[in-house]
Novice: 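Starting off with a structure, shown below.
No hydrogens, no waters, no symmetry mates; every other heavy atom, side chains included, goes into these values. To find a chain, count down the sequence lines: A is the first, B the second, and so on, and within it residues start at 1.
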Amino acid sequence: MRHVGDPIAAVVAETYEAARDAAEAVVLDIDELPAVIDMKKAVAPDAPLVHEDIGSNLCYDWGFVEENKAAVDAAFEKADHVTTLELVNNRLIPNAMEPRVAVGDYARATGDHTLYTTSQNPHVIRLLMGAFVLGIPEHKLRVVAPDVGGGFGSKIFHYAEEAFVTFAAKALNRPVKWTCQRSESFVSDAHGRDHVTKIQLALDKDGHFQALRTETYANMGAYLSTFAPSVPTWLHGTLMAGNYRTPLIYVNVKAVFTNTVPVDAYRGAGRPEATYQLERVIDKAAREMGIDPLEIRRKNFVTEFPYQTPVAVVYDTGDYNATMDKLVEIADLAGFEARRAESAKNGLLRGLGVNCYIEACGIAPSHLVGQLGARAGLYESATVRVNATGSISVMTGSHSHGQGHETSFAQVVADMIGIPEDMVEIVHGDTANSPMGMGTYGSRSLAVGGSAMVKATEKIIAKARKIAAHLLEASDADIELKDGKFSVAGTDKSVDWAGVTLAAYVPHNYPLEDLEPGLEEISFYDPSNFTYPAGAYACEVEVDPETGRVRIDRFAAADDFGNIVNPMIVTGQVHGGIGQGVGQALLEGAVYDDNGQLLSGSYMDYAMPRADDLPNYVVDHSCQTPCTHNPLGVKGCGEAGAIGSPPAVVNAVIDALNRGGHKVAHIDMPLSPARVWAAMQG
Amino acid sequence: MYAFEIERPKSLADAVAAIGAEEAQFLGGGQTLIPTLKQRLAAPSKLVSLSGIAELKGLRMDDAGRVCIGGGTTHATVAREAAAHYPALAALAAHIGDPAVRNRGTIGGSLANNDPSACYPAAVLASNATIVTSNREIAADDYFEGMFTTALEDGEIVTEVRFPIPQAANYQKFAQPASRFALVGVFVAKYADGVRVAITGASEQGVFRWSEAEAALSKSFDAAAIKGLAADADGLIGDMHGTPAYRAHLIGVLTGRAVTAAAG
Ligand SMILES: Cc1cc2nc3c(=O)[nH]c(=O)nc-3n(C[C@H](O)[C@H](O)[C@H](O)COP(=O)(O)OP(=O)(O)OC[C@H]3O[C@@H](n4cnc5c(N)ncnc54)[C@H](O)[C@@H]3O)c2cc1C
């Protein structure tokens with residue numbers, strides 16, 4: 001066993017109670033071996049080994065971009081000012097509303113396997129489990145992940161229980177179901193974050209960034225989970241430029257095995273870790289140099305696009321001054337001093353934290369991530385099936401587990417044709433009825449999956465136009481599509497949508513020699529670049545100096561997500577993301593003891609944010625620089641809140657303490673009352 | 001859960017008779033016991049539910065002017081019905097857990113359990129209340145015997161808790177961020193014959209009285225009276241939510257706040 005929660009035996013029984021009784025009856029003869037939890041201890045010479053056969057707990061040591069290193073070091077030598085910050089990006093335990101479930105089924109007559117599972121990407125599970133674990137070819141394995149109750153990343157990965165129920169169903173020739181208890185989730189769902197970082201920023205005397213250097217220890221846990229190595233590398237190193245024109249950047253990441261639950265992608269995945277350290281070190285530099293925190297950011301903003309960062313990626317578009325201006329307005333920064341004075345009257349320290357963020361979403365351009373070392377292609381697929389009477393089923397490889405794809409995807413297709421949204425149904429989550437797709441995470445679904453849908457719908461419209469031209473005895477160049485009706489330009493001749501679709505399936509009057517009947521198209525879309533949502537966030541807190549308790553009083557988010565399809569869904573995504581970010585900043589944190597016991601193993605000790613921990617947010621996404629390389633001009637909004645909010649909260653608390661005369665440079669998250677109070681004691 | 005029998009007696013006498021069996025246990029509101037059973041951390045062969053016993057429920061005033069609360073009375077009922085007589089106690093009950101917990105959980109269950117972070121023990125100890133059981137009466141000072149330990153014997157039911165009404169009182173609960181039980185809770189009650197201060201959440205030994213503060217406040221019921229007085233961090237709980245030193249500090253802060261609120 002390499003971590004508490006590592007599965008070692010399975011019991012199948014007729015009833016749930018009997019299975020639990022039998023599991024308790026399993027006697028384990030376990031010799032306790034020394035454990036290693038702390039990453040720096042894990043890479044020390046005499047550390048116990050998590051994997052004896054590897055001979056080291058160092059999984060990889062990644063320098064990015066290696067060729068920049070010497071120049072970065074040289075820039076530090078001659079910088080006017082260097083700010084150094086050591087910090088921890090706390091380990092988080094994902095807590096989707098629905099714990100994981102898996103049901104295996106097997107049909108002996110046909111040899112077909114079916115796995116029902118709580119997955120964000122059923123096709124990926126089919127590929128991983130079929131090809132690499134059980135040796136079942138894809139055409140004999142169906143993976144169904146219908147309505148899944150939230151994921152936040154934790155349901156991307158392939159878990160042992162999925163393989164076990166599939167295997168057991170065949171062995172027993174009957175369905176086998178497994179349901180995770182919440183306390184099992186704590187020790188078996190992949191955790192998130194857990195980076196220990198030293199970051200240094202070199203500046204000239206006016207506060208212009210000269211160079212950035214970071215060294216991060218990234219905890220992998222006891223095994224490499226599905227996407228784990230990608231998170232601290234190409235989802236983190238590539239983001240270190242942030243919104244700024246730092247000419248020289250060098251990122252070093254040491255990935256480390258420890259006797260803990262595997263760590264993998266969790267809402268934001270690598271990008272929150274990048275944003276947090278960068279926005280914290282900028283804040284510290286501003287304080288040290290006596291420069292206003294907004295000013296130092298504006299001085300260094302990237303203002304011309306496309307912008308080639310020194311860390312591989314090219315930002316296609318953005319306007320960081322616009323989101324900052326919007327933030328100043330919606331956060332009422334002008335009223336801060338008056339609010340601070342009011343708080344002071346009540347004996348409370350008010351602080352203001354501001355930061356920016358950028359993320360690489362629309363995951364991912366396959367060629368680029370391939371060059372960066374990823375093993376997956378991250379395109380997306382869509383089949384648009386127009387039925388004879390004109391209704392449409394869209395089969396997408398994206399997966400909806402709370403994001404409202406059923407609404408916004410339907411809007412996209414319905415708008416393109418000009419028919420009511422209720423004529424479009426979005427079908428997802430079943431490998432038997434949707435084309436091979438990569439699933440939902442990395443704020444990719446609309447940018448990548450939506451683009452595939454647009455491409456497929458364009459093909460549909462092109463073909464429908466030809467059918468309409470035939471029906472209207474006109475040339476297809478003269479056919480216009482508007483509000484679900486095809487007409488011949490400049491005439492009153494027209495045929496409606498259903499008239500065309502019926503002709504496609506009842507092709508009596510149809511150009512059969514030139515055109516196949518039917519109306520169904522598929523597209524695979526591989527983006528040419530990431531999308532780069534960006535924004536500026538502000539948080540105001542009140543700190544009770546007697547107890548260290550932090551209360552968030554105000555929170556404002558000005559985001560640029562490019563074009564918006566459904567403003568309400570976007571706002572909801574930002575709200576949820578900020579909730580998670582505030583959770584990380586103030587409340588959440590996995591705590592292990594030295595023997596590898598998870599001390600924060602239930603809601604008694606692991607604090608999830610609740611409604612009354614959160615203020616009313618002011619959320620704005622009116623600043624829009626459309627993405628230049630996908631057909632919808634959208635950028636993705638699912639992770640922004642979780643990426644942008646932790647530094648805002650921490651910056652605000654540090655600001656409050658400093659304004660209150662406490663010279664505190666940094667406190668590690670979560671900023672619990674006890675930690676804030678301890679920091680104030682010096 | 002493991003399988004168990006359940007009995008639902010209608011009277012106290014039947015409940016006492018029913019508990020006779022080996023490994024039988026009372027079931028109050030189930031807000032502590034049911035989660036324990038679900039995790040298979042307890043395996044009683046029989047549960048004797050106290051929920052159907054009318055004589056264990058509700059509030060009354062006795063001849064000595066005490067608020068007497070039946071052992072089977074829910075937190076929600078106390079929050080509602082004690083408000084007119086003992087507002088600090090009602091306020092405490094109103095902040096236990098969430099509405100579901102308050103509508104099921106009972107004062108008897110809370111006191112029998114004596115969780116070191118529970119709220120009621122602080123009120124009972126600071127009020128010098130009397131715990132009435134199916135067998136006897138126990139003074140608060142003799143009742144709490146350390147974390148999850150009380151003077152109750154097997155098969156003994158908390159039937160009523162009698163609270164003398166103070167001239168002034170207040171409970172300050174500083175919630176542990178995850179469980180929202182008391183990281184530290186301080187109940188201050190001022191009576192004609194002196195002030196009592198009971199601290200919950202903080203000590204390895206469970207609820208206790210802070211006698212130095214009591215002495216100072218009995219002389220002068222003002223937060224200034226305990227300025228500079230520090231609770232001893234020795235024997236206090238240290239965990240991921242706070243060190244013993246932090247808890248000791250909170251005891252001072254919260255006691256001051258409780259006194260100010262009570263005096264105001
Ligand atoms: C989410 C949650 C949050 C909570 N938050 C708080 C909080 O903030 N503060 C706080 O103080 N508590 C809190 N609690 C605990 C709650 O107050 C419980 O209701 C209480 O501790 C137990 O009371 P019960 O009636 O539910 O007892 P049960 O769970 O039914 O029983 C607990 C124990 O007491 C025994 N017992 C029950 N009734 C009697 C009786 N009359 N005589 C003798 N023995 C009896 C049982 O046999 C058992 O051993 C919380 C609980 C939950 C689930």
Novice: Heavy-atom pairs under 4.5 Å with chain A - which of B/M1, B/Q39, B/H241, B/H249 has more of them than the others?
Specialist: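 Ranked by heavy-atom pairs under 4.5 Å with chain A, first place is B/H249.
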Novice: Tell me, yes or no, whether the heavy-atom count around B/E5 atom CD, taken from other residues, nucleotides or ligands under 6.0 Å, exceeds 12.
Specialist: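 No, not enclosed.
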Novice: Which residue out of B/A178, B/A3, B/P177 racks up the most heavy-atom pairs below 4.5 Å with chain A?
Specialist: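 Max contact count across the listed options: B/A178.
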Novice: A/L587, A/V591, A/T547: which one forms the most heavy-atom pairs within less than 4.5 Å of chain B?
Specialist: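 Highest number of heavy-atom pairs under 4.5 Å: A/T547.
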Novice: Pick one of side chain, backbone, both or neither for A/D593, based on which atoms fall under 4.5 Å of a heavy atom in chain B.
Specialist: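 For A/D593, no heavy atom lies under 4.5 Å from chain B.
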Novice: Should A/S600 and B/M240 count as side-chain neighbours, where that means a heavy-atom distance under 4.5 Å?
Specialist: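 Yes, at least one pair of side-chain atoms sits under 4.5 Å.
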Novice: How would you list, in number order, the residues of residues 670-682 of chain A that have a heavy atom less than 4.5 Å from chain B?
Specialist: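 Counting heavy atoms that sit under 4.5 Å from chain B, the residues of residues 670-682 of chain A involved are A/P673, A/A674, A/W677.
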Novice: Would you say that more than 12 heavy atoms from the other residues, nucleotides or ligands in this model lie under 6.0 Å from the NZ of B/K46, or not?
Specialist: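 Yes.
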Novice: Flag the pair A/D21 / B/R40 as yes when at least one side-chain heavy-atom distance between them is below 4.5 Å, and no otherwise.
Specialist: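 SC-SC contact between A/D21 and B/R40 confirmed.
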Novice: Mind checking the CG-CG spacing from B/D239 to A/L599? Nearest 0.5 Å is all I need.
Specialist: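 Output value for this atom pair is 9.5 Å.
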Novice: Go through the atoms of A/E588 and report whether side chain, backbone, both or neither lie under 4.5 Å from a heavy atom of chain B.
Specialist: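 Neither part, no heavy atoms under 4.5 Å.
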Novice: Please check if atom CZ in B/R104 has more than 12 non-hydrogen atoms from other residues, nucleotides or ligands closer than 6.0 Å.
Specialist: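 For B/R104, atom CZ is not crowded (no more than 12 foreign heavy atoms under 6.0 Å).
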Novice: Can you establish whether the number of heavy atoms outside A/E98 located under 6.0 Å from its atom CD is more than 12?
Specialist: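 Atom CD in A/E98 is crowded, with more than 12 foreign heavy atoms closer than 6.0 Å.
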Novice: Can you tell me which portion of B/R257 sits under 4.5 Å from chain A's heavy atoms? Options are side chain, backbone, both or neither.
Specialist: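 Looking at B/R257, just its side chain touches chain A.
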Novice: Hey, is the main chain of A/E17 close enough, under 3.5 Å, to the side chain of B/Y2 for a donor-acceptor pair?
Specialist: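 Not at all, since once roles are kept as given, no pair shorter than 3.5 Å links the two residues.
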Novice: Do A/R610 and B/D98 meet the salt-bridge criterion of a basic N to acidic O distance under 4.0 Å?
Specialist: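 Answer for the salt bridge query: no.
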Novice: Using a cut-off of 6.0 Å, state whether more than 12 heavy atoms not belonging to B/H95 lie near its atom NE2.
Specialist: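 Atom NE2 in B/H95 is not packed in, count stays at 12 or less.
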Novice: Would you say CG of A/D594 has more than 12 non-hydrogen atoms from neighbouring residues, nucleotides or ligands within 6.0 angstrom?
Specialist: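 Check fails, neighbour count at 12 or below.
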Novice: Is A/N616 atom CG crowded by more than 12 heavy atoms from other residues, nucleotides or ligands, each under 6.0 Å away?
Specialist: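 Counting neighbours around CG of A/N616, 12 or fewer heavy atoms of other residues, nucleotides or ligands fall under 6.0 Å, so no.
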Novice: For B/Q176 and A/M604, indicate whether the former's side chain and the latter's backbone hold a donor-acceptor pair under 3.5 Å.
Specialist: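 Confirmed, B/Q176 side chain pairs with A/M604 backbone.
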Novice: Are more than 12 heavy atoms from other residues, nucleotides or ligands located less than 6.0 Å from atom CZ of B/R209?
Specialist: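 Above 12, so yes.
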